[in-house]
**Student:** 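Got a structure here, written out as structure tokens. Questions coming.
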Amino acid sequence: MIQRPRGTRDFTPEEMGARRYYESMMRSVAVSHGFREVQTPIFEHTELFTTKSGPGIVEEMYAFKDKGDREICLRPELTASVIRFFVNDLTNYPRPLKMFYFGQCFRYERPQAGRYREFFQFGAEIIGSATPEMDAEMIGLAAAILERTGLKDYKIRVGHIGVLKGMLAQAGVSGDTALPILQKLDKKMYEEAEPLMKAAGMSADSIEKIIATTKVTGPLSVLDTYGGEAGEYLKEVFAILAQFGFRNVEVDLGVVRGLAYYTGIVFEVDAPKLGAEKQICGGGSYSLSELFGGEKVFSTGFAIGFDRTLLAIEKEGQTAPKLLVDAYVIPVNDKTRMKAYEVAALLRRNGISCDLDIMRRNMGKNFKYADAIGARRTIIVGEKELESGCVNVRDMSSGEQKMVPIESLVQHLKG
RNA sequence: GCCGCGAUGGGGUAGCUUGGUCAUCCUGUGGGACUGUGGAUCCCUAGACUCGCGUUCAAAUCGCGAUCGCGGCCCCA
């Protein structure tokens, strides 16, 4: 027997039903917000990701040389590809350019709960100019998608990288010195952040202040004591989000996402029920296009961990509706078989989902099968009925059965 | 890369401590009872000890390693 590669999954018909259900839900919410879908290759030049995230990530990717001796990797995320796409081909599109995507990504990591080597991301990016509206639109889309899925237990925590950056700058720490400090603060590793700040020459007072700031969370009012450019910007974003009517959104100045390319708003979403791998969404505004050789443009985006989101939804006890077939056509015997195929084709051509006996089984078995697949109705094609141009339509939940002329069958089933 | 736990038909399991009949049961699959009516019942059939090495007269059972899974660490673009 050949096993599937580590960290990958096969999906059963039931699982795929649920996955496609939520996937199309997310797509339609994005479309309803004026976003359009894009798709990029599943493999890219390794350089794309090392340019974005540094050489270290090669260790965590499926990277290899192809037959033409090119350095190739399976994409570990989608933002880099979408921005590459923009820089290559989409720079003349009217802005704001609002795009979304859905697809699998690959990371060579140790699998654990909610972490797979092949996983799926749903994400969106806006390329345009730096306005609070654009950030609010982005956070709003993430919020709308999560809200629509029916997930209950989550908080969208929104911060602004400029708040802590500004405080560090005021204390005389900026640029390359600030970055590692921000990374530690993002992870709430204060014991490790403190010596770094001391070494950078910060006073005990400003260290204490900055640590306190990373712990500021709650409704918009917590920002009252935080003025400054970043604070004002955040307030504007929240004002717009309030107009959009989203709940489950709060301020968290400790969200920093210690990555060099984030420039302003940053946000994260956790689903607490998930355990160690509980982050289901992350995003913010960033500046990447110039790294890939394009003009510097303001962008904002997010990615939702599709698999984790589904896990969280399941843990809350929600299930996706099952995909059932409208009708199952049963020939009573071999003499009516050909006629049954014709009836099935008639229904299918008219948009009625329909299955039929292709195992040449007897009626009893066919009813059992129709029941097992959850067919709503069975269409019994028998000699007696055919004499008057009819078939028997049986409602599988009530057991009621009715003679229906074939010429009005489609209408009868649709009505 | 690190730590811990685990792996028996498609799914769920008994057996493992204390090695010794044809590996248990439920469910699901296919067929039949049932050549014109499902969800029930009965019968038949097929289907598993993750893999390798070792210990032993004898291994599902004990040991080592690998693989995969689960939980966590690191990381999380």
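This one's a predicted model, so the numbers in the text were calculated from it and none came from an experiment. So you know, we letter chains A, B, ... as the sequences are listed, proteins then strands, and number each from 1.
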**Student:** Would you say CZ of A:Arg4 has more than 12 non-hydrogen atoms from neighbouring residues, nucleotides or ligands within 6.0 angstrom?
**Tutor:**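 Enclosed.
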**Student:** Can you name the closest pair of heavy atoms from A:Gly162 and A:Ala230 and give their distance?
**Tutor:**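 Looking at all heavy atoms of both residues, the shortest contact is C-CB, 3.6 Å.
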**Student:** Is the number of heavy atoms from other residues, nucleotides or ligands within 6.0 Å of CZ (A:Phe43) greater than 12?
**Tutor:**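 For A:Phe43, atom CZ is not crowded (no more than 12 foreign heavy atoms under 6.0 Å).
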**Student:** Should B:rU61 form a Watson-Crick or G-U wobble pair with both distances under 3.5 Å, which nucleotide is its partner?
**Tutor:**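 WC or wobble partner does not exist here.
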**Student:** Could you give all pairs that pass the ring pair (Phe, Tyr, Trp, His ring centres under 6.0 Å) test and reach residues 341-377 of chain A, with sequence neighbours left out?
**Tutor:**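 Counting only pairs at least two positions apart or across chains, the ring pair (Phe, Tyr, Trp, His ring centres under 6.0 Å) contacts touching residues 341-377 of chain A are A:Tyr328-A:Tyr369.
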**Student:** Against A:Asp252, only a single residue in A:Thr217, A:Ile156, A:Val158, A:Val216 fulfils side-chain contact (heavy atoms from CB on, under 4.5 Å); can you say which?
**Tutor:**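 Between A:Asp252 and the candidates, side-chain contact (heavy atoms from CB on, under 4.5 Å) is satisfied uniquely by A:Thr217.
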**Student:** For B:rA23 and B:rC57, measure between their P atoms and round to the nearest Å.
**Tutor:**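 Those two atoms are separated by 25 Å.
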**Student:** Please check if atom CZ in A:Arg36 has more than 12 non-hydrogen atoms from other residues, nucleotides or ligands closer than 6.0 Å.
**Tutor:**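 Result for CZ/A:Arg36: open.
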**Student:** Between B:rC62 and B:rC16, how many Å separate the two P atoms, rounded to a whole number?
**Tutor:**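 So the two P atoms sit 10 Å from each other.
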**Student:** A quick test of your reading: do over 12 heavy atoms of other residues, nucleotides or ligands sit less than 6.0 Å from CD of A:Glu290?
**Tutor:**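 Yes, CD of A:Glu290 has more than 12 neighbouring heavy atoms, counting only those of other groups under 6.0 Å.
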**Student:** Might you confirm whether atom CZ of A:Arg6 has over 12 heavy atoms from other residues, nucleotides or ligands at distances under 6.0 Å?
**Tutor:**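 Yes, CZ of A:Arg6 has more than 12 neighbouring heavy atoms, counting only those of other groups under 6.0 Å.
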**Student:** Atom pairs, N/O to N/O, protein against nucleotides 27-34 of chain B, distance under 3.5 Å?
**Tutor:**
{"from": "B:rG30", "atom 1": "OP1", "to": "A:Arg361", "atom 2": "NH1", "distance (Å)": "3.3"}
{"from": "B:rG31", "atom 1": "OP2", "to": "A:Arg361", "atom 2": "NH1", "distance (Å)": "3.4"}

**Student:** Do A:Lys98's NZ or CZ and the ring of A:Tyr93 fall within the cation-pi criteria of under 6.0 Å and 45°?
**Tutor:**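 So A:Lys98 doesn't make the cation-pi contact.
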**Student:** Look at the rings of A:Phe35 and A:His33 and say which category their plane angle falls in: under 30° parallel, 30 to 60° tilted, over 60° perpendicular.
**Tutor:**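 Because their plane-to-plane angle lies in the 30° to 60° range, the rings of A:Phe35 and A:His33 count as tilted.
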**Student:** Want to settle it: does A:Gln3 or A:Thr79 sit nearer the 5' end of RNA chain B, counting the closest nucleotide to each?
**Tutor:**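 Nearest-nucleotide comparison on RNA chain B picks A:Gln3.
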**Student:** Quantified in whole Å, what is the C1' atom distance between nucleotide B:rA14 and nucleotide B:rG71?
**Tutor:**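 Taking atom C1' in both B:rA14 and B:rG71, they lie 26 Å apart.
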**Student:** Starting at atom NZ of A:Lys188, determine the distance to atom C1' of B:rC76, rounded to an integer number of angstrom.
**Tutor:**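 In whole Å, B:rC76 C1' lies 16 Å from A:Lys188 NZ.
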**Student:** Just how far, in rounded Å, is P of B:rU37 from CG of A:Asp371?
**Tutor:**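 In whole Å, B:rU37 P lies 16 Å from A:Asp371 CG.
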**Student:** Check the distance between B:rU37's P and A:Ile379's CD1 and give it to me in whole angstrom.
**Tutor:**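 Nearest whole value for this atom pair: 18 Å.
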**Student:** Partner lookup for B:rG10, please. Criteria are Watson-Crick or G-U wobble with both distances under 3.5 angstrom; report none if nothing qualifies.
**Tutor:**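 Base-paired to B:rU27.
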**Student:** Could you give the CZ-to-P distance, from A:Arg4 to B:rU50, as a whole number of Å?
**Tutor:**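 A:Arg4 atom CZ is separated from B:rU50 atom P by 16 Å.
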**Student:** Is atom CD of A:Glu37 surrounded by more than 12 heavy atoms (other residues, nucleotides or ligands) closer than 6.0 Å?
**Tutor:**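 Enclosed: over 12 neighbouring heavy atoms sit under 6.0 Å from CD of A:Glu37.
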**Student:** Would you say A:Arg20 has more than 12 foreign heavy atoms packed within less than 6.0 Å of its CZ?
**Tutor:**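 For A:Arg20, atom CZ is not crowded (no more than 12 foreign heavy atoms under 6.0 Å).
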**Student:** Could you please name the partner base of B:rC5, counting Watson-Crick and G-U wobble pairs only when both distances are under 3.5 Å?
**Tutor:**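 Paired with B:rC5, as far as the under-3.5 Å criterion goes, is B:rG69.
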**Student:** Searching all strands shown, indicate the nucleotide that pairs with B:rG19 (Watson-Crick or G-U wobble; both distances under 3.5 Å).
**Tutor:**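 Partner of B:rG19: none.
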**Student:** Do A:Phe122 and A:Phe100 have their ring centres less than 6.0 Å from each other?
**Tutor:**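 Yes: the rings meet the under 6.0 Å criterion.
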**Student:** Whole-Å distance between B:rU35 P and A:Met363 CE?
**Tutor:**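 Rounded to the whole Å, the gap is 11 Å.
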**Student:** A:Glu385 near the nucleic acid: base, sugar-phosphate alone, or nothing, with a heavy-atom cut-off under 4.0 Å?
**Tutor:**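 Base, at least one base heavy atom under 4.0 Å.
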**Student:** Near RNA chain B, which residues from residues 272-282 of chain A have a heavy atom under 4.0 Å away?
**Tutor:**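 Result for residues 272-282 of chain A: A:Gly275, A:Ala276, A:Glu277, sorted by number.
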**Student:** Using Watson-Crick or G-U wobble geometry with both distances under 3.5 Å, which nucleotide pairs with B:rC74?
**Tutor:**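 Base partner found: none.
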**Student:** Produce a footprint string for nucleotides 1-12 of chain B: one letter per nucleotide, 5' end first; B if the base is under 4.0 Å from any protein heavy atom, S if only the sugar-phosphate is, - if neither.
**Tutor:** BBBB--------
**Student:** Just checking A:Phe306 against A:Phe102, ring centres under 6.0 Å apart?
**Tutor:**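 For A:Phe306 and A:Phe102, the ring centres are under 6.0 Å apart.
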**Student:** Give the residues of residues 70-78 of chain A touching RNA chain B, defined as any heavy atom closer than 4.0 Å, sorted by residue number.
**Tutor:**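 A:Pro76, A:Glu77 - these, ordered by number, are the residues of the stretch whose heavy atoms sit under 4.0 Å from the strand.
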**Student:** Rounded to whole angstrom, note down the C1' distance from B:rG9 over to B:rC5.
**Tutor:**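 24 Å, rounded to whole Å.
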**Student:** Whether the side chain of A:Arg308 engages the backbone of A:Gly114 through a donor-acceptor N/O pair (distance < 3.5 Å, no angle test) should be reported.
**Tutor:**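 Checked: pair present.
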**Student:** If you take the centroid of each ring, where Trp contributes its six-membered ring, are A:Tyr108 and A:Tyr62 closer together than 6.0 Å?
**Tutor:**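 Centroid distance A:Tyr62-A:Tyr108: below 6.0 Å, so yes.
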**Student:** From the options B:rG69, B:rU67, B:rA77, select the nucleotide whose nearest atom is closest to the side chain of A:Pro111.
**Tutor:**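 Closest nucleotide among those given: B:rG69.
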**Student:** Between B:rA40 and B:rG20, how far apart are the two P atoms, rounded to whole Å?
**Tutor:**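 Here B:rA40 and B:rG20 have their P atoms 39 Å from each other.
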**Student:** P atom, B:rA46 versus B:rG38: distance in rounded Å?
**Tutor:**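 Pairwise P distance, B:rA46 against B:rG38, rounds to 28 Å.
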**Student:** Which whole number of Å gives the distance between the P atom of B:rU17 and that of B:rG1?
**Tutor:**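 Comparing P positions in B:rU17 and B:rG1 gives a spacing of 34 Å.
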**Student:** Write down the distance between OH (A:Tyr116) and P (B:rG69), rounded to a whole number of angstrom.
**Tutor:**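 Those two atoms, OH and P, are 10 Å apart.
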**Student:** For A:Glu295, is the CD atom crowded, meaning more than 12 foreign heavy atoms sit under 6.0 Å from it?
**Tutor:**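 Result for CD/A:Glu295: enclosed.
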**Student:** Nearest-Å distance, CD1 (A:Ile304) to P (B:rA77)?
**Tutor:**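 Whole-Å distance recorded here is 15 Å.
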**Student:** Please say whether the positively charged group of A:Arg75, taken as NZ for Lys or CZ for Arg, lies over the ring of A:Phe106, i.e. under 6.0 angstrom from the six-membered ring centre and within 45 degrees of the axis.
**Tutor:**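 Ring-cation test returns no.
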**Student:** Need one value for A:Glu60: base, sugar-phosphate or nothing, where a base atom within 4.0 Å counts as base even if backbone is also close, heavy atoms only.
**Tutor:**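 Base contact.
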**Student:** Heavy atoms within less than 4.0 Å of RNA chain B: which residues of residues 6-19 of chain A have one? Give them sorted by number.
**Tutor:**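 Result for residues 6-19 of chain A: A:Arg6, A:Gly7, sorted by number.
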**Student:** Let me know the distance between CZ of A:Phe292 and P of B:rA77, rounded to the nearest Å.
**Tutor:**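 Distance check: A:Phe292 CZ to B:rA77 P gives 15 Å.
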**Student:** Which part of the nucleic acid, if any, lies within contact of A:Phe49, taking any heavy atom under 4.0 Å across all strands shown: a base, the sugar-phosphate backbone alone, or nothing?
**Tutor:**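 No contact.
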**Student:** Work out how far the P atom of B:rG30 is from that of B:rU67, and round it to whole angstrom.
**Tutor:**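 Taking atom P in both B:rG30 and B:rU67, they lie 37 Å apart.
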**Student:** Side chain of A:Met61, heavy atoms from C-beta onward: which of B:rC76, B:rA77, B:rG36 has the nearest atom to it?
**Tutor:**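 Closest of the options to the side chain of A:Met61: B:rA77.
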**Student:** Does the side chain of A:Glu147 pick up a donor-acceptor pair with the side chain of A:Asn248 at under 3.5 Å?
**Tutor:**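 A:Glu147 vs A:Asn248: no donor-acceptor pair found between side chains.
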